[in-house]
**Q** 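Below is the structure I would like to discuss, written out as structure tokens.
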Protein chains: 2
Amino acid sequence: MADPKWLDDEEMRAWQAFLATSALLDRRLDQQLRDEVGLSHLQYEILVQLAAAEGNAMRMTELAASLLNSKSGLTYQISQLEKSGLVHRAPCTIDVRGVYAALTDEGRKLLERAAPGHVALVRELLIDVLTREQLTAIADGLGEASRRMLPKDGIAEPVR
Amino acid sequence: MADPKWLDDEEMRAWQAFLATSALLDRRLDQQLRDEVGLSHLQYEILVQLAAAEGNAMRMTELAASLLNSKSGLTYQISQLEKSGLVHRAPCTIDVRGVYAALTDEGRKLLERAAPGHVALVRELLIDVLTREQLTAIADGLGEASRRMLPKDGIAEPVR
DNA sequence: CCAGATTTGTTCAAATTCGAATCTCCTGCT
DNA sequence: AGCAGGAGATTCGAATTTGAACAAATCTGG
């Protein structure tokens, strides 16, 4: 890995656009969610995951993995959400160590209240800005990139 | 804003790919930079900005803006970098309030040592995963999206 | 030239994030 | 059964981020 190829103009343009969009978009979404329902973007995503799960509940580790976040960070956020009454913890019957984070009715209501505005902003700031071709290119390209980075990445590379 | 259009499958695919890539990529880059040169991704970006600037120096506010970060956060990071000897502060002659953050020789050396590996990883995890068409679509699409979100966004919309 | 509005950079406390350490419990193996 | 190793979740302290409040300096219109 002596002297890796530098980025050409087009690559640089894409990279910087990606970085900028990522930073700006996240900030805006976070801001709006805080203003409208008092949730951080992460907290919102937690509620979304729970709402989509079987029985509106998930194991902590599973949830952390699906959010691409650290377990200790999730413990903290779930505690916050529990204080707010949006989520509650339940012991796992099949594994005494396990803990379920479950969406409460209040949590579901808040999520339903938050979602329309959130989706509208995602649309306004990103989705509706893109052409259909760009949208597909992003879904495909970034889909592939994220897939390759997923946990289990470097594990058991087939010998060919 | 009664009932905004929901995201269809393709839009959802793009949105989730974007979110995932953003989270995973940032973490990986941060990790590598820490391991190899002991810098966070943000600190690396600060050095990059300074290296690219006139005289290897920038005003705090200007730097914060170009990094899309808060001023107080920048103050903290510049202090850290100053402790490490990678950056130094200099008073601004034309405005007594002003402060320049300037790259030191040591900072430049570290940056030159860090850059190759960083670029290689950006390539490996993102750039080289994309086709040329996807790269262009991302540069164009996200370029437009980020442009619209830039500070000064909603200001003085021409009356037309 | 001056009062008031703005800008600059920092400071502060509170909230969040991170990873290492920890504690408890489960699983596979002998 | 019994034990080593791994998994699940939390706790802890340190590092970082945030926005509000601040002090100092600059700019603006009258």
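Protein chains get the first letters and strands the later ones, always in sequence-line order, with residue 1 at the start of each.
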**Q** Can you tell me if A:Gln32 uses its side chain to pair, donor with acceptor, with the backbone of A:Gly117 under 3.5 Å?
**A**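 Answer holds: yes.
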**Q** Could you give the CD1-to-P distance, from A:Ile94 to C:dC25, as a whole number of Å?
**A**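 Taking CD1 of A:Ile94 and P of C:dC25, I get 16 Å after rounding.
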**Q** Summarise protein proximity over nucleotides 13-18 of chain C in one line of letters, 5' to 3': B for base, S for sugar-phosphate only, - for none, counting protein heavy atoms closer than 4.0 Å.
**A** --SSBB
**Q** Taking everything shown except B:Asp35 itself, do over 12 heavy atoms lie less than 6.0 Å from its CG?
**A**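 Yes, the 6.0 Å shell around CG holds more than 12 heavy atoms from other groups.
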**Q** Are any side-chain N or O atoms of B:Arg27 and backbone N or O atoms of A:Leu68, one a donor and one an acceptor, separated by less than 3.5 Å?
**A** yes
**Q** With sequence neighbours left out, which residue pairs that include part of residues 54-70 of chain B fulfil the side-chain hydrogen bond (donor to acceptor under 3.5 Å, both in side chains) condition?
**A**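 Pairs touching residues 54-70 of chain B that pass the test: B:Gln49-B:Ser66, B:Asn56-B:Arg108.
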**Q** Hey, which sits more toward the 5' end of DNA chain D by its nearest nucleotide, A:Arg89 or B:Leu74?
**A**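 Its nearest nucleotide lies further toward 5', so the answer is A:Arg89.
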**Q** Which residue pairs pass the ring pair (Phe, Tyr, Trp, His ring centres under 6.0 Å) test with at least one member in residues 27-75 of chain A, sequence neighbours excluded?
**A**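 Pairs touching residues 27-75 of chain A that pass the test: A:His41-A:His118, A:Tyr44-A:His118.
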**Q** Write down the protein N/O and nucleotide N/O pairs, taken from nucleotides 4-8 of chain D, whose separation is under 3.5 Å; answer none if there are no such pairs.
**A**
residue: D:dG6; atom: N2; partner: A:Arg97; partner atom: NH1; Å: 3.1
residue: D:dA7; atom: N3; partner: A:Arg97; partner atom: NH1; Å: 2.5
residue: D:dG8; atom: O3'; partner: A:Arg59; partner atom: NH2; Å: 3.4

**Q** Can you name the side chain to side chain contact (heavy atoms under 4.5 Å, CB included) partners of A:Ala102, sequence neighbours left out?
**A** A:Ala57, A:His88
**Q** Whole angstroms only, please: what is the CD-P distance between B:Glu45 and D:dT16?
**A** 16 Å
**Q** Does the pair A:Arg132/B:Glu11 count as a salt bridge with the N-to-O cut at 4.0 Å?
**A**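 Salt bridge present between A:Arg132 and B:Glu11.
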**Q** Are any side-chain N or O atoms of B:Arg13 and backbone N or O atoms of A:Leu135, one a donor and one an acceptor, separated by less than 3.5 Å?
**A** no
**Q** Between A:Glu82 (side chain) and A:Arg89 (backbone), is there a donor-acceptor pair under 3.5 Å?
**A** yes
**Q** Tell me the interatomic distance from A:Asp35, atom CG, to D:dG19, atom C1', rounded to whole angstroms.
**A**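 These atoms are roughly 13 Å apart.
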**Q** Salt bridge or not for A:Lys109 and A:Glu112, using N-O below 4.0 Å?
**A**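 A:Glu112 and A:Lys109: not salt-bridged.
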**Q** Which parts of residues 47-58 of chain A get close to DNA chain D, meaning a heavy atom less than 4.0 angstrom away?
**A**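 Residues of residues 47-58 of chain A that come under 4.0 Å of DNA chain D do not exist, since none gets that close.
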